[in-house]
A.B. asks: 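This structure is in structure tokens; I'll ask about it shortly.
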Amino acid sequence: MIVVQGKKAFYMARGRLDALSAHYRGVTIDLGAGDGRFAYRAALAKPERLFIAIDPAREHVAEVSARAAKNPRFGGAPNVLYVAANIEHAPKELSRVADEILVTLPGGSLLRGILLGDTALLGKIAGLGRKNAKIKMAINARFVEEPAPKDAPRLPDITPLYTRDIIAPAFATTGVRVSKARWMDPAEVANLGTTWAKRLSRRSPHRTFYIEAKVVNAAT
Ligand SMILES: C[S@@+](CC[C@H](N)C(=O)[O-])C[C@H]1O[C@@H](n2cnc3c(N)ncnc32)[C@H](O)[C@@H]1O
């Protein structure tokens with residue numbers, strides 16, 4: 001996988017990732033990590049865990065990934081990696097690596113795939129998790145891209161019923177069981193701690209929806 005450190009990028013093989021993660025008690029993936037600041041702060045707050053922030057927009061993590069790569073005495077965080085990728089082409093090195101997967105306020109094709117219950121995309125998310133990994137998703141329709149990609153189906157409104165009937169069964173085919181599906185209150189959204197969560201909690205006409213799920217079958 002391609003790991004970003006400021007303006008530099010390098011390839012990390014699975015063996016090196018395994019050697020690194022062996023030093024930690026668990027691995028959290030922040031999928032659609034945006035500017036990567038949340039993963040950096042979380043890494044400083046929880047030095048016992050390894051954080052892997054994934055986002056296709058490599059330029060957005062340039063600043064924070066450079067800071068994380070510094071000596072810890074000067075603000076570095078050795079327990080966070082920034083990976084340039086989109087979930088559709090998730091690096092094989094990340095297969096079944098995480099015990100926690102956060103998808104906070106996804107946008108673009110990541111949001112579209114979740115909302116449509118796209119089993120290919122949900123399978124890619126599931127494939128990041130070990131058995132019993134928790135998946136926590138905070139979803140807001142504010143991030144649906146306008147205009148929609150050409151010929152793309154109209155996106156549904158997410159609700160508990162829609163999650164039960166469409167998203168949960170799609171996730172189930174990928175070995176994931178949805179356990180919670182509910183609206184979040186603004187304070188909870190602010191507590192998510194990401195850059196967009198803070199912006200949203202100040203002003204958004206759209207409510208944020210929470211889905212929690214677990215990888216129950218990691219055999220695929
Ligand atoms: C609204 S931002 C949220 C960023 C961050 N999680 C936060 O809460 O501040 C949505 C993010 O989803 C990412 N994204 C969109 N499509 C994606 C995909 N297919 N795979 C991974 N990330 C994607 C975007 O690059 C963007 O950084």
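Because only heavy atoms are used, hydrogens play no part in the values below, and waters and symmetry mates are left out as well, while side chains stay in. Indexing begins at 1, ligand by ligand and atom by atom, following the structure's order. Remember, it's a predicted structure, so these values are computed and weren't measured experimentally.
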A.B. asks: Quick one: ring-ring contact (aromatic ring centres under 6.0 Å, His included) partners of Tyr210, sequence neighbours excluded?
C.D. replies: none
A.B. asks: Are the side chain of Tyr40 and the backbone N or O of Ala68 linked by a donor-acceptor pair below 3.5 Å?
C.D. replies: no
A.B. asks: What residue among Arg37, Lys70, Arg58 forms salt bridge (Lys or Arg N to Asp or Glu O under 4.0 Å) with Glu63?
C.D. replies: Arg37
A.B. asks: Going by side chain to side chain donor-acceptor pair (under 3.5 Å), name the residues that satisfy it together with Lys134, two or more places apart in sequence or in a different chain.
C.D. replies: none
A.B. asks: Got the residues with a heavy atom under 4.0 Å of ligand 1, by chain and number?
C.D. replies: Gly32, Ala33, Gly34, Asp55, Pro56, Asn86, Ile87, Glu88, Thr104, Leu105, Pro106, Gly107, Ser109, Leu110, Phe143, Thr194, Thr195, Trp196
A.B. asks: How many angstroms lie between atom CD1 of Ile135 and atom CD1 of Ile125, to the nearest 0.5 angstrom?
C.D. replies: 7.0 Å
A.B. asks: Compile the donor-acceptor pairs under 3.5 Å between side chains in residues 181-193 and protein atoms, sequence neighbours left out, one pair per line.
C.D. replies:
unit_1	atom_1	unit_2	atom_2	d
Arg182	NH1	Glu188	OE1	3.3
Arg182	NH1	Glu188	OE2	3.2
Arg182	NH2	Glu188	OE2	2.8
Asp185	OD1	Ala187	N	3.2
Asp185	OD1	Glu188	N	3.0
Glu188	OE1	Asp185	N	3.1

